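Reviewing the structure listed below.
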There are 2 protein chains.
Amino acid sequence: MQYRTIGEVSRDSGLTVRTLRHYDEIGLLTPSARSDAGYRLYSDDDIARLQQVRSLQSMGLSLAAIGSVLDRGLAVRDSLEQLLSATDEQIRRQSALRSRIAGVIALLDQHDAATSGAMLQLIEELAKVEKHYTKEQLDTLAERAADLGDAGMRAAETQWTDLIDRVRTARESGIDPASPQVRAMATEWQSLIDAFTGGDPGIRASLGQVWQQNDDVAGFNAAEIRDLAGYLHSADS
Amino acid sequence: MQYRTIGEVSRDSGLTVRTLRHYDEIGLLTPSARSDAGYRLYSDDDIARLQQVRSLQSMGLSLAAIGSVLDRGLAVRDSLEQLLSATDEQIRRQSALRSRIAGVIALLDQHDAATSGAMLQLIEELAKVEKHYTKEQLDTLAERAADLGDAGMRAAETQWTDLIDRVRTARESGIDPASPQVRAMATEWQSLIDAFTGGDPGIRASLGQVWQQNDDVAGFNAAEIRDLAGYLHSADS
DNA sequence: CTAAACCCTCACGCCACGTGAGGGTCAAGC
DNA sequence: GCTTGACCCTCACGTGGCGTGAGGGTTTAG
C-alpha cells in the first residue's frame with residue numbers, strides 16, 4: 001500500500017487539485033495520511049472512495065448528498081428517485097422555456113425591429129404578452145382567445161410549428177420514441193398543451209375532441225398532428 | 001406622476017423587497033428618487049423598466065445580460081438565440097441524465113441491495129455501468145484515431161507490446177523498479193499513455209477505469225497490465 | 001405619545017469550486 | 001551548499017441571485 005500525493009491523484013482522476021482540497025475541506029474525502037511537511041497522502045482506499053464520489057456525482061447528486069449516502073448509509077435509491085423527479089421537473093421547465101424563447105424570437109422577427117428605439121417598445125409589449133399568459137392560465141378558454149390578441153396568438157402558433165417540425169423530422173429519421181430527445185419533445189408537447197388549456201382537464205378533453213373531429217384546425221393538418229401525437233405517445237409507459 | 005415605495009412595488013410585482021434592493025445594488029433598476037429619509041421612490045418609468053426586466057428574466061437571461069440589453073442596446077435577438085441553443089443543450093444533458101438515473105435505479109432494484117454492505121459494491125459497479133467515455137471524449141478519440149491513421153495505430157500497438165515485454169522481463173528478473181533502466185521504461189510508459197490520451201486528464205481517468213474494470217482490453221491481459229503498471233509505479237515517489 | 005408597520009444599510013450564507021497571494025518542501029543540477 | 005522549478009500548503013475572496021437576520025431610523029394610525 002503506497003500513498004499518492006494530491007497532484008498524482010489529480011492527474012489520474014482528472015479532477016483539479018483545488019477540487020480535491022475542497023472535498024477535504026468539507027470532509028467528503030479526507031486523505032488518510034499526511035507527510036511530515038503536511039502534504040496530503042491518498043491511500044488506495046481513498047482512491048476507491050473517490051471513484052464512488054465521482055460516479056454518484058456524475059448523476060447529479062450534491063456533494064452533501066453523496067456524503068450522506070457514503071457515510072451514513074442513506075438509501076441511494078431514495079436519493080436517486082428524488083433526483084429523478086427533480087430532473088423531470090427541470091426538463092419540463094426547460095422545455096416550456098425553450099418554446100417561449102423560440103416564440104419571442106419569432107415575434108421579434110415578425111416586427112423586424114432593427115432600431116433600438118422600436119426595440120424598447122417591443123420589450124414592453126413582450127411584457128404585456130407574458131403577463132397575459134400567466135394571468136389567463138386562471139381564466140377560461142373563450143376569454144383567453146379574445147384577450148390574447150394577434151401578437152400572442154402568432155407567437156404561440158410559431159412555437160407549435162417549430163415543435164411540430166422537429167417531431168416530424170425525428171419521426172422521419174426513425175428515431176426511437178423512447179430516446180431522450182424524443183421524450184423531451186413529448187414533454188414540450190405536453191407543456192404547450194398545458195399552457196393553452198391552463199391545466200384544466202375539461203378544456204383539454206374538449207380540445208382533444210376538436211382535433212379528433214376535424215381535418216383542419218387553425219391551418220394545421222389534424223391527421224398529421226394525431227399521427228405525431230401517437231408517435232410521441234407510443235413510448236409513454 | 002406619483003412615486004411608490006419599495007413595499008408597494010413589491011406587492012404589485014410579486015418580487016420581494018430584497019430582490020428590488022438587489023436590483024438597485026447592482027445598478028439594474030435604480031429608483032429615480034429618494035425621500036428625505038432615504039426611502040427608495042419608484043416612478044412610473046421605473047415600474048415600466050421593471051416589467052422589461054421581468055419579461056427578459058422570465059426567459060432565463062441573467063441579470064447582467066438584461067442590463068446589457070436595456071442599457072447598452074445589445075441585440076435581444078442575439079441574446080435570445082444564444083440562450084435558445086444553451087437551453088437545447090441543457091435539455092439534451094438533462095434528458096441523458098434522466099435516463100442514466102432511471103437506469104441505475106432499475107439496476108438497484110434488480111440487485112435488491114438492502115444491506116449497506118452490498119451497497120458499496122453496487123456503487124462501485126455503478127462506475128462500470130457508467131459510460132466510460134462522454135460523447136465529447138469519444139469525438140476527441142475519434143479525431144485522434146483519424147490523425148494517427150491506421151499505420152500509426154498499429155505502430156503504437158507494436159510499441160506497447162514491445163514495452164510490455166521488456167517490463168515483464170525486468171520484473172521477472174527482479175530488477176529494482178528504482179533502477180535507471182526501469183525508470184526509463186516508466187517514462188516511456190507514461191509518454192505512450194500521453195500520446196494516446198492527448199494529455200486530456202478526463203480521458204486518462206476513463207482509460208484508467210477501463211483497465212481497472214475489465215479483464216481483457218484490446219487483446220491485452222488487463223490484470224497483467226495493472227500488475228506491471230503497479231511495478232513501474234512503485235518507485236514513483 | 002406609542003406601537004406597529006415600514007424603511008434603511010451592512011454583512012454573512014448558499015454551492016462547487018476558480019483564482020490568486022504568500023510562502024514552505026523536495027529533487028536535480030551546479 | 002545554493003539555486004531552480006515543480007510541487008505542496010493555508011488563507012481568503014469571487015461567482016449568481018438573492019434569503020435572512022442584526023441593528024437602527026421613519027411614518028402613520030390610534
Side-chain angles (χ1 to χ4, degrees), chain A residues 3-31 33-42 46 50 53-54 56-68 70 79 83 86 90 93 97, chain B residues 2-31 33-42 46 50 53-54 56-68 79 83 86 90 93 97 178-180 183-184 186-187 190 199 201-202 235-237:
Chain A
Y3 288 119
R4 267 163 276 193
T5 68
I6 198 170
E8 290 162 0
V9 175
S10 165
R11 272 186 294 278
D12 290 355
S13 66
L15 297 173
T16 71
V17 169
R18 175 67 178 101
T19 296
L20 291 169
R21 281 205 265 255
H22 180 61
Y23 291 171
D24 187 6
E25 266 179 45
I26 64 174
L28 179 60
L29 177 62
T30 307
R34 291 268 188 152
S35 78
D36 292 343
Y39 286 22
R40 269 165 264 254
L41 297 177
Y42 292 85
D46 296 336
L50 182 56
V53 168
R54 291 200 61 184
L56 286 175
Q57 196 199 16
S58 76
M59 287 182 298
L61 279 182
S62 73
L63 296 185
I66 295 174
S68 304
L70 289 181
S79 307
L83 196 62
Q90 281 260 358
R93 287 217 306 254
L97 184 62
Chain B
Q2 44 156 12
Y3 287 120
R4 267 164 276 193
T5 68
I6 198 171
E8 289 162 0
V9 175
S10 165
R11 269 187 296 277
D12 290 355
S13 66
L15 297 173
T16 71
V17 169
R18 175 68 178 100
T19 297
L20 291 169
R21 280 203 267 254
H22 180 60
Y23 291 171
D24 187 6
E25 266 178 44
I26 64 174
L28 179 60
L29 176 63
T30 306
R34 290 268 188 154
S35 77
D36 292 342
Y39 285 23
R40 268 164 266 252
L41 298 177
Y42 292 84
D46 295 337
L50 181 57
V53 169
R54 291 201 61 185
L56 287 174
Q57 195 198 17
S58 78
M59 287 181 297
L61 279 182
S62 73
L63 297 185
I66 295 173
S68 304
S79 307
L83 197 62
Q90 280 262 354
R93 284 220 305 258
L97 183 62
S179 69
R183 300 311 295 149
T187 309
Q190 191 56 48
D236 269 357
S237 53

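Everything numeric in this text was worked out from a predicted model, so none of it was measured. Letters A, B, ... are given to chains in the order of the sequence lines, protein chains preceding strands, and every chain is numbered from 1.
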> If you check the A:Ser62 side chain, which of C:dA16, D:dT20, D:dT26 turns out closest?
Replying inline: C:dA16

> What integer distance in Å separates A:His22:NE2 from C:dG18:P?
Replying inline: 9 Å

> Which part of the nucleic acid, if any, lies within contact of B:Ile26, taking any heavy atom under 4.0 Å across all strands shown: a base, the sugar-phosphate backbone alone, or nothing?
Replying inline: nothing

>> Can you measure B:Leu20 atom CG to C:dC8 atom C1' for me and round it to whole angstrom units?
In response: 14 Å

>> Is there a side-chain contact between A:Gln57 and the phosphate of C:dC15, meaning an N or O under 4.0 Å from OP1 or OP2?
In response: no

> Do the side chain of B:Tyr23 and the base of D:dG17 come within less than 3.5 angstrom through a donor-acceptor pair of N or O atoms?
Replying inline: no

> Is A:Ser35 touching bases, backbone alone, or none of the nucleic acid, heavy atoms closer than 4.0 Å?
Replying inline: nothing

>> Let's test your reading of the model: under 3.5 Å, does the base of C:dT9 pair with the side chain of B:Arg21 as donor and acceptor?
In response: no

> Closest to the A:Thr19 side chain: D:dC8, D:dG19, C:dG18?
Replying inline: C:dG18

>> Side chain of A:Arg40, heavy atoms from C-beta onward: which of D:dC9, D:dG17, C:dT19 has the nearest atom to it?
In response: D:dC9

>> Can you measure B:Leu61 atom CG to D:dG17 atom P for me and round it to whole angstrom units?
In response: 10 Å

>> Nearest whole Å is fine: how far is C:dG24 C1' from A:Arg34 CZ?
In response: 14 Å

>> If you compare all heavy atoms of B:Val53 against all heavy atoms of B:Ile66, which two are closest, and at what distance to 0.1 Å?
In response: O-CD1, 3.7 Å

> Do you know the tightest heavy-atom contact between A:Met59 and A:Leu83?
Replying inline: O-CD2, 2.8 Å

> Base, sugar-phosphate, or nothing for B:Glu25, non-hydrogen atoms under 4.0 angstrom?
Replying inline: nothing

